[in-house]
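Notes for the one structure printed next.
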Amino acid sequence: MYFNVAGLLMKSSGYQVLETLDDELKFDWALEKKAGVKGSVVIIRTDSGVWVSGDINVDLYFDCSRCLTCASQLVNFQIEEEYLPYRDINTGRLIIESEEYDGFRIDDDNILDLTEAVRQYSSVSSPVNPLCDVDCKGLCPHCGSNLNKITCRCKINIQDRRWGPLLDLLQ
């Protein structure tokens, strides 16, 4: 997800280009599979850099939080970020920014890399407890069998002793 924006940086503010994303991305927190990234972004020249705006779909792979099987889920998000260059495109001078700036940057070769932004937006947009299916039954807490595949014969009587005498009323 790299875009050469040297030509765009030489244009006046307001000039824009439309770019299409069709790539794969590896996440550290996901499974070994690569996530498919699709979408489109508009890159607009601003007075200080470029503004990236677009709609992105990422097909993420997770372990189901109930049964631990591999599952995929499509995550959609809107990206809105400003990227600032390290160097002035016309003079080649280094642009000094305050040390407090922690936003995204365009590298010295005028290459815009959307990878980290997509990674961050995907992380925030991904479900906290991903499921392979909304009706996932999970694992048996006694024998560990996947209850989606088999019906285990474990007799599980989980009682919270804090309810004490009230549990006797249920029997």
Side-chain angles (χ1 to χ4, degrees), residues 1-136 138-139 146 148:
M1 290 177 283
Y2 299 95
F3 303 101
N4 187 339
V5 293
L8 183 63
L9 290 172
M10 296 170 92
K11 303 286 185 180
S12 61
S13 292
Y15 191 84
Q16 60 185 0
V17 294
L18 177 67
E19 297 287 349
T20 303
L21 301 175
D22 189 5
D23 206 349
E24 289 185 331
L25 191 60
K26 175 79 173 88
F27 291 97
D28 297 335
W29 45 268
L31 297 176
E32 296 299 317
K33 297 181 180 182
K34 291 184 178 181
V37 179
K38 293 187 185 287
S40 61
V41 293
V42 175
I43 305 173
I44 305 168
R45 175 69 164 112
T46 64
D47 58 346
S48 57
V50 297
W51 185 264
V52 177
S53 175
D55 185 40
I56 299 176
N57 295 313
V58 180
D59 193 15
L60 295 174
Y61 290 92
F62 297 101
D63 282 330
C64 175
S65 62
R66 289 184 190 160
C67 68
L68 303 177
T69 59
C70 179
S72 70
Q73 187 164 3
L74 189 64
V75 175
N76 177 274
F77 54 86
Q78 301 287 324
I79 186 170
E80 298 286 338
E81 288 295 334
E82 183 175 28
Y83 283 76
L84 300 178
Y86 280 107
R87 296 189 179 277
D88 184 287
I89 189 76
N90 297 319
T91 64
R93 282 190 356 230
L94 188 63
I95 299 173
I96 306 296
E97 281 290 327
S98 71
E99 293 181 15
E100 295 177 7
Y101 180 75
D102 61 350
F104 295 109
R105 302 300 297 251
I106 300 168
D107 71 7
D108 279 339
D109 296 326
N110 298 309
I111 303 296
L112 173 76
D113 182 10
L114 287 179
T115 306
E116 185 57 30
V118 170
R119 190 181 313 272
Q120 289 180 17
Y121 276 75
S122 297
S123 177
V124 170
S125 301
S126 63
V128 176
N129 293 318
L131 299 175
C132 60
D133 185 27
V134 270
D135 297 326
C136 179
L139 301 175
N146 186 341
N148 297 314

Measure from NZ or CZ of Arg105 to the centre of the six-membered ring of Tyr86, then state whether that distance is under 6.0 Å and the direction lies within 45° of the axis.
->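 The answer is yes; both the distance and angle limits are met.
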Keeping [X] on the side-chain end and [Y] on the backbone end, is there a donor-acceptor pair under 3.5 Å?
X      : Y      : result
Asp109 : Ile111 : no
Ser125 : Tyr121 : yes
Arg119 : Lys26  : yes

Within-4.5 Å side-chain heavy-atom neighbours: Asp113 and Asp107 =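 No - every pair of side-chain heavy atoms lies 4.5 Å or more apart.
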Evaluate the criterion side chain to side chain contact (heavy atoms under 4.5 Å, CB included) for residue pair Ser126 and Phe62; output intermediate values, then yes/no.
-> CA-CA 10 Å; Ser126 63; Phe62 297 101; 3.7 Å; yes
For [X], what residues pass the side chain to side chain donor-acceptor pair (under 3.5 Å) criterion, not counting sequence neighbours?
X     : value
Glu24 : none
Ser40 : none
Glu80 : Trp51, Ser53
Asp59 : none

Who passes side-chain contact (heavy atoms from CB on, under 4.5 Å) against Asp22, sequence neighbours left out?
->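 Asp22 satisfies side-chain contact (heavy atoms from CB on, under 4.5 Å) with Lys38 only.
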side-chain contact (heavy atoms from CB on, under 4.5 Å) partners for Glu19, two or more places apart =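 Expected list: Phe3, Val17, Val41, Ile43.
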What is the minimum heavy-atom distance between [X] and [Y], and which atoms define it?
X      : Y      : answer
Cys132 : Cys64  : N-SG, 3.3 Å
Asp63  : Leu68  : OD1-O, 3.9 Å
Ser122 : Leu60  : O-CD1, 4.2 Å
Val50  : Thr46  : N-OG1, 3.7 Å
Cys67  : Asn146 : CB-OD1, 3.8 Å
Lys34  : Tyr61  : O-CE1, 3.6 Å

Nearest 0.5 angstrom please: [X] [atom1] to [Y] [atom2], how far?
X      : Y      : atom1 : atom2 : result
Gln120 : Ile79  : CD    : CD1   : 9.0 Å
Asn148 : Thr69  : CG    : OG1   : 7.0 Å
Tyr2   : Leu114 : OH    : CG    : 10.0 Å

Let me have the donor-acceptor pairs involving side chains of residues 4-12, under 3.5 Å, with sequence neighbours excluded, atom names and distances please.
residue : atom : partner : partner atom : Å
Asn4    : OD1  : Ala6    : N            : 3.0

Under 3.5 Å donor-acceptor pairs involving side-chain atoms of residues 70-78, not counting sequence neighbours:
residue : atom : partner : partner atom : Å
Asn76   : ND2  : Asp55   : OD1          : 3.2
Asn76   : ND2  : Asn57   : OD1          : 2.4
Gln78   : NE2  : Asp55   : OD1          : 2.9

Is there a side chain to side chain contact (heavy atoms under 4.5 Å, CB included) between Tyr15 and Ile44 once you walk through the steps?
-> CA-CA 6 Å; Tyr15 191 84; Ile44 305 168; over 6 Å; no
When you look at Arg66 and Leu131, which way does the side chain to side chain contact (heavy atoms under 4.5 Å, CB included) test go after all the steps?
-> CA-CA 7 Å; Arg66 289 184 190 160; Leu131 299 175; 3.6 Å; yes
Asp23: salt bridge (charged side-chain N to carboxylate O under 4.0 Å, His left out) partners, not counting sequence neighbours |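 In terms of salt bridge (charged side-chain N to carboxylate O under 4.0 Å, His left out), with neighbours along the sequence ignored, Asp23 is linked to no residue.
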Determine, step by step, whether Leu25 and Met1 satisfy the side chain to side chain contact (heavy atoms under 4.5 Å, CB included) criterion, reporting the C-alpha distance in whole Å, the side-chain angles of both residues, the deciding distance to 0.1 Å, and the verdict.
-> CA-CA 9 Å; Leu25 191 60; Met1 290 177 283; 3.9 Å; yes
